[in-house]
Amino acid sequence: MRKMLIILAVMLAAAFGAVAEERTLEHPGDGRIQYYKGYYWTQDEAGDSMIVYVMTDLVVYPAMRFKNEKERQEYNRLVRNVKVTLPYAKLIAETLVETYEYLETFPTQKERDQYLKKMEKEIFAQYKPVLKKFSRTQARILVKLIQRETHQSSYNILKAFLGTFRASFWQGFGKLFGVSLKGTYRPDTDSEDSRIERIASQVELGLL
């Protein structure tokens, strides 16, 4: 019985996409997330083994209503821009987490600073060709989505990793493209951010 349940669990895991594909700059993925967070074994009242899947939260939104065709087209453009930028926001967030974890292995601050300096050059070289293809609007949305994924502003992330001086440099660099790294993401109070959150959530679940 347990063997059959294990086989069923493997089949369900495959169906739900339990094995996430490795994301790269060339292939950042589509921004989708796994349908479930994990699973565990338990027993029912009869003592039989059973598997319980913990599903990803599903947010249900009411149907969109548009005042006119112009508003509909603007929303459709926002959908396209979020679809383009969300995979990169997730990739950047993963890179930041991995970098932080790796930094913890260095015994001294000097070694951490040396690694960060090297990393800064490498990231700039890797991301510049990609980000140059983004429109100003897409770059602004990317900054918002990075904050969504990391729960803090891009500027504060850079400041924590690179220090105030270099964070200020990157802030100035962002302004050249009309993008502030200190921008906020408030889906609860800002109408555009609310739409971005709605779209991002639906993209993650494969609904858009």
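By the criterion of side-chain heavy atoms lying less than 4.5 angstrom apart, applied directly or through intervening Ile, Leu, Val, Met, Phe, Trp or Tyr residues, I141 is not grouped with V130; the two fall into different hydrophobic clusters. Note on V203 and V79: same hydrophobic cluster, where clusters join Ile, Leu, Val, Met, Phe, Trp and Tyr whose side-chain heavy atoms are under 4.5 Å apart, directly or indirectly. One hydrophobic cluster, built from ILVMFWY side chains closer than 4.5 Å, holds both L208 and V82.
Residues passing the side chain to side chain donor-acceptor pair (under 3.5 Å) test with S135: none are found, sequence neighbours excluded. Among residues two or more places apart in sequence or in another chain, the ring pair (Phe, Tyr, Trp, His ring centres under 6.0 Å) test is passed with F134 by Y88. By the side chain to side chain donor-acceptor pair (under 3.5 Å) test, E197 is found to be paired with R148, Y185, S201, residues two or more places apart in sequence or in another chain being considered. Residues passing the salt bridge (Lys or Arg N to Asp or Glu O under 4.0 Å) test with K159, sequence neighbours excluded: none. For E94, the salt bridge (Lys or Arg N to Asp or Glu O under 4.0 Å) criterion is met by R23, not counting sequence neighbours. By the side chain to side chain contact (heavy atoms under 4.5 Å, CB included) test, S168 is found to be paired with Y155, T164, residues two or more places apart in sequence or in another chain being considered. With sequence neighbours excluded, no residue satisfies side chain to side chain contact (heavy atoms under 4.5 Å, CB included) with A125. For the salt bridge (Lys or Arg N to Asp or Glu O under 4.0 Å) test, residues two or more places apart in sequence or in another chain that qualify with R166 are E120. Every side chain to side chain donor-acceptor pair (under 3.5 Å) that E192 has, sequence neighbours left out, goes to R140. Residues forming a side chain to side chain donor-acceptor pair (under 3.5 Å) with R72 (at least two apart in sequence, or on another chain): none.
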Going by atom type alone, with no hydrogens or angles, which donor-acceptor pairs under 3.5 Å involve a side-chain atom of residues 104-113 and a protein atom two or more places apart or on another chain?
unit_1	atom_1	unit_2	atom_2	d
T105	OG1	Y102	O	2.5
T108	OG1	E111	N	3.3
T108	OG1	E111	OE1	3.0
Q109	NE2	D113	OD1	2.9
E111	OE1	T108	N	3.4
R112	NE	L103	O	3.4
R112	NE	F106	O	3.4
R112	NH2	F106	O	3.3

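Distance CG/L145 to CG/D193: 9.5 Å, rounded to 0.5 Å. Remark: Q138 CD to L78 CG distance equals 10.5 Å, nearest 0.5 Å. Going from atom CG of L142 over to atom CG of L86 covers 9.5 Å, rounded to the nearest 0.5 Å. Rounded to the nearest 0.5 angstrom, E69 CD and E74 CD are separated by 10.5 Å. Note: Q147 CD to S154 OG = 7.0 Å, rounded to the nearest 0.5 Å. To the nearest 0.5 angstrom, N156 atom CG is 9.0 Å from T150 atom OG1.
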* **Test log, rule side-chain contact (heavy atoms from CB on, under 4.5 Å), inputs Q114 and K118** => CA-CA 6 Å; Q114 289 175 342; K118 177 183 177 183; over 6 Å; no
* Asked: side-chain contact (heavy atoms from CB on, under 4.5 Å) between K90 and E204: does it pass, once the steps are laid out?
  -> CA-CA 11 Å; K90 291 183 175 295; E204 287 176 333; 2.8 Å; yes
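Q171 contributes a side-chain N or O that, together with a main-chain N or O of L181, makes up a donor-acceptor pair within less than 3.5 Å.
Between K144 and P187, every side-chain heavy-atom pair lies at or beyond the 4.5 Å cut-off. Counting heavy atoms from C-beta on, the side chains of I146 and I157 come closer than 4.5 Å. Using a 4.5 Å heavy-atom threshold, the side chains of I196 and I199 count as separate.
Note on residues 62-81: pairs passing ring pair (Phe, Tyr, Trp, His ring centres under 6.0 Å), not counting sequence neighbours, are F66-Y75.
Q126 and P129 make their closest contact through O-CD, 3.4 Å (heavy atoms, listed as atom of the first residue, atom of the second, distance).
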